[in-house]
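One structure below.
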Amino acid sequence: DPIKWSYCNGRALPRGRFIIDKISEKMENQDVMLPQDVLADVLRRIAPRDLAISRCVCKAWCTIIDARHLFPADLLPHWVGGIIINFNDLMLSEFFSRPSTGPLVSGNLNYLPSTSVVKDHCNGLLLLDGYVVNPATRQWAELPPCPSLGLESFEGEHLVFDPTISPHYEVLVIPISPKLDRDVKLDPTVEELEWPASLCMLHVFSSRTKRWEERRFVREGEAAGTIADMRLARQYYQNRAVYWRGSLYVHLPSHFVMRISLSNNKYQVIKPPKGRSTLFGKDMLYIGKSEKGIYCAPVDNPVRVWILDESCGQLEWVLRHNISLHVDTDESSRPWTLQDVNYYEGYGEDAKDEAIARQKFDWDSDSDNLIDPKSMADDESPCYTGILGFHPFKEVVFLCVGLQRGLAYHLDSSKVQELGNIFPKCYGTSIGIQPFIKESFIYTPCWMEEFP
């Protein structure tokens, strides 16, 4: 049916929004409580965007919507659609896609005015240089230039988006480390200053207001270290952030994590896990979210996984797994596909027709193409594995063996699944290119049409 409009206080509103306003008004003015079955029947008739707004009316409505699963699950980012991988020296991000009977998502973003590698991902939206894009619906918005904070610091841009709460998103620019050469000598009083500062100033873009604003966040607890500490650690650091339950967890140099609470404008610094390993003398950690919260792991083998314990007001990493694997080559079942965005974009339209072959079946993370992992004997050397990310909704970590194979490792059962080849076509054949993965993001498609 076409959208029907009603009028409320002089405003033209879609019928679903009108219903929300009228019910909220009666409940507020007359203390009216509808039976839960009646209210649920009303709420399930309105559009997903209005349902997201309804969820914020009160705790009772939020509970009904969540408990009765009123959100259409196929529209929300509740399943893994693939892995976005940034390879060194490649101009575009690659998309390692899982097979599905659902709609096809392409990793090629050439419909944007200009493209770059993906800088961040949050619940189906991607952040690029100057753009926020939903690749599932091919909708995008251009970001205005961010004003300078006037701080001499390296900054990271991160995306915050939760479609179950609001169709709007925010982009945060966060000072990561002082922009000072490690060889430059500073006044000792400057070197000893805390970092991050007790009062941290961030620039935040809101799609609701369509502008940047300065927002102050006050630190609770200790700092990560001093300016001197951050200068030494910066070159061994990969900037990542994870959004979970209203807070943004930002990976800082020296593997501290900055937990930013967006509801009360406060932040805390979480100390790194104990017993982390090093790779070629460099600390390499990956943070992500999974079924039970925030996880982290070193990018090198052996796979050690910590989970962040936030109970009783404490923020502490707890070691969950310590595993070393040796996996035999298995060519028989590799259902995932690397879309080779860089290769086909470079070879023009004639090559793009073969770029993506849709596979008409759904990848089952619980049962198919399982291979037996072998525990390493004392006299064997472990095969190198890298972290691609954590499954957001299951106890699964995605790994790569060298640059050739993608694997899914089940933390609870220790079972391993072969996913497919992740090495891009013709990658590393040019002189001077050093092939390695710089960063990766687990992509969860969002099919909601509402996009600010």
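Atom set for the values below is all heavy atoms of this structure, side chains included, hydrogens, waters and symmetry mates excluded.
- Between Phe87 and Tyr427, the distance from one ring center to the other falls under 6.0 angstrom.
- Here the closest heavy-atom approach between residue Ala241 and residue Leu248 is recorded as CB-CD1, 4.0 Å.
- Residue Arg320 qualifies as enclosed at atom CZ: its count of foreign heavy atoms under 6.0 Å is above 12.
- Taking the charged nitrogens against the carboxylate oxygens, Lys394 and Glu291 have no contact shorter than 4.0 Å, which rules out a salt bridge.
- The existence of a salt bridge linking Glu170 and Arg208 is excluded, since no basic side-chain nitrogen approaches an acidic carboxylate oxygen closer than 4.0 Å.
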Run the side-chain contact (heavy atoms from CB on, under 4.5 Å) test on Tyr131 and Leu143 for me, step by step, so that the C-alpha distance in whole Å, both residues' side-chain angles and the decisive distance to 0.1 Å come before the verdict.
CA-CA 5 Å; Tyr131 299 97; Leu143 295 173; 6.0 Å; no
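- Distance check, rounded to the nearest 0.5 Å: CG of Asp120 to CD of Glu157 gives 9.5 Å.
- Taking the ring centre of Tyr286 as origin, the terminal cationic atom of Arg240 falls inside the region bounded by 6.0 Å and 45° from the ring axis.
- In this structure, CG in Asn110 is found 15.0 Å from OH in Tyr344, a value given to the nearest 0.5 Å.
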What's the verdict on side-chain contact (heavy atoms from CB on, under 4.5 Å) for Ile260 and Leu202, showing C-alpha distance, side-chain angles and the deciding distance?
CA-CA 11 Å; Ile260 302 174; Leu202 307 183; 4.1 Å; yes
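- Ring centers of Phe95 and Tyr443: under 6.0 Å apart, within the cut-off.
- Of all heavy-atom pairs spanning Ile437 and Cys400, the tightest one is CD1-SG, 4.1 Å.
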Could you walk me through whether Tyr295 and Glu395 pass the side chain to side chain donor-acceptor pair (under 3.5 Å) test, one step at a time?
CA-CA 10 Å; Tyr295 291 52; Glu395 290 277 273; 2.2 Å; yes
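- A heavy-atom distance below 4.5 Å is not found between the side chains of Leu159 and His121.
- Under the 3.5 Å distance criterion, with hydrogens and angles disregarded, a donor-acceptor pair is assigned to the side chains of Asn342 and Glu94.
- Residues Val204 and Val171 are not in side-chain contact: their nearest non-hydrogen atoms beyond the backbone lie 4.5 Å or more apart.
- Atoms CD1 and CG, from Ile84 and Leu388 in turn, are 12.0 Å apart once rounded to the nearest 0.5 Å.
- In this structure, Leu411 and Val397 have side chains that are in contact, with non-hydrogen atoms separated by less than 4.5 Å.
- The closest side-chain heavy-atom distance from Leu43 to Trp61 is below 4.5 Å.
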Apply side chain to side chain donor-acceptor pair (under 3.5 Å) to residues Asn108 and Ser106 and explain how you reach the verdict.
CA-CA 5 Å; Asn108 195 333; Ser106 173; 5.5 Å; no
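- For Asn123, there are no side chain to side chain donor-acceptor pair (under 3.5 Å) partners two or more places apart in sequence or in a different chain.
- With hydrogens and angles ignored, the 3.5 Å screen pairs a side-chain donor or acceptor of His391 with a backbone N or O of Phe393.
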May I have the step-by-step check of side-chain contact (heavy atoms from CB on, under 4.5 Å) for Leu407 and Leu419, ending in yes or no?
CA-CA 5 Å; Leu407 303 176; Leu419 301 182; 5.5 Å; no
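- Put simply, the side chain of Asp340 gets close to the backbone of Lys425: a donor and an acceptor are under 3.5 Å apart.
- Across Phe451 and Trp140, no two heavy atoms sit closer than the pair CE2-C, 3.5 Å.
- Val132 places none of its side-chain heavy atoms less than 4.5 Å from the side chain of Leu126.
- Open room surrounds CD on Glu222; 12 or fewer heavy atoms of other groups in view lie less than 6.0 Å from it.
- Contact of the Arg405 side chain with the Glu418 side chain is registered, since non-hydrogen atoms from C-beta on lie closer than 4.5 Å.
- One finds no salt bridge joining Lys271 and Glu316 here, because no Lys/Arg side-chain nitrogen approaches an Asp/Glu carboxylate oxygen to under 4.0 Å.
- Residue Cys446 comes nearest to Thr137 through the heavy atom pair O-CG2, 4.1 Å, listed as atom of the first residue, atom of the second, then distance.
- Atom CG in Leu92 sits 6.0 Å away from atom CD in Glu345 (nearest 0.5 Å).
- Heavy atoms of other residues, nucleotides or ligands lying less than 6.0 angstrom from CD of Gln36 number 12 at most.
- Contact of the Asn265 side chain with the Arg215 side chain is registered, since non-hydrogen atoms from C-beta on lie closer than 4.5 Å.
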Please determine whether side-chain contact (heavy atoms from CB on, under 4.5 Å) holds for the pair Ile294 and Trp317, giving the CA-CA distance in whole Å, both sets of side-chain angles, and the decisive distance to 0.1 Å.
CA-CA 9 Å; Ile294 303 300; Trp317 295 105; 3.8 Å; yes
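- For an aromatic pair to be called close, the ring centres must be under 6.0 Å apart, and Phe256 with Trp195 fails this.
- Rounding to the nearest 0.5 angstrom, the gap separating the CD1 atom in Ile227 from the CD atom in Glu192 is 10.5 Å.
- Side chains of Val242 and Phe390 form no contact here, defined as non-hydrogen atoms less than 4.5 Å apart.
- Taking the ring centroids of Phe217 and Tyr267, they lie at or beyond the 6.0 Å cut-off.
- Atom CD of Gln139 has more than 12 neighbouring heavy atoms from other residues, nucleotides or ligands inside a 6.0 Å radius.
- Taking NE2 of His251 as the reference point, atom CD1 of Ile174 lies at 13.0 Å (rounded to 0.5 Å).
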Between Lys119 and Glu439, does a salt bridge (charged side-chain N to carboxylate O under 4.0 Å, His left out) hold up when you go through it step by step?
CA-CA 9 Å; Lys119 302 173 71 173; Glu439 56 188 340; over 6 Å; no
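- Residues satisfying the side chain to side chain donor-acceptor pair (under 3.5 Å) test with Ser261, not counting sequence neighbours, are Ser263, Asn264.
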Start with the C-alpha distance between Lys289 and Tyr243, add both sets of side-chain angles, then the distance that settles side chain to side chain donor-acceptor pair (under 3.5 Å), and finish with yes or no.
CA-CA 8 Å; Lys289 65 178 179 180; Tyr243 178 69; over 6 Å; no
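- Between Lys292 and Ile307, the shortest heavy-atom distance links the atoms CB-CD1, 3.5 Å.
- Considering all non-hydrogen atoms of both residues, Leu308 and Tyr249 come closest at CD2-CE2, 3.7 Å.
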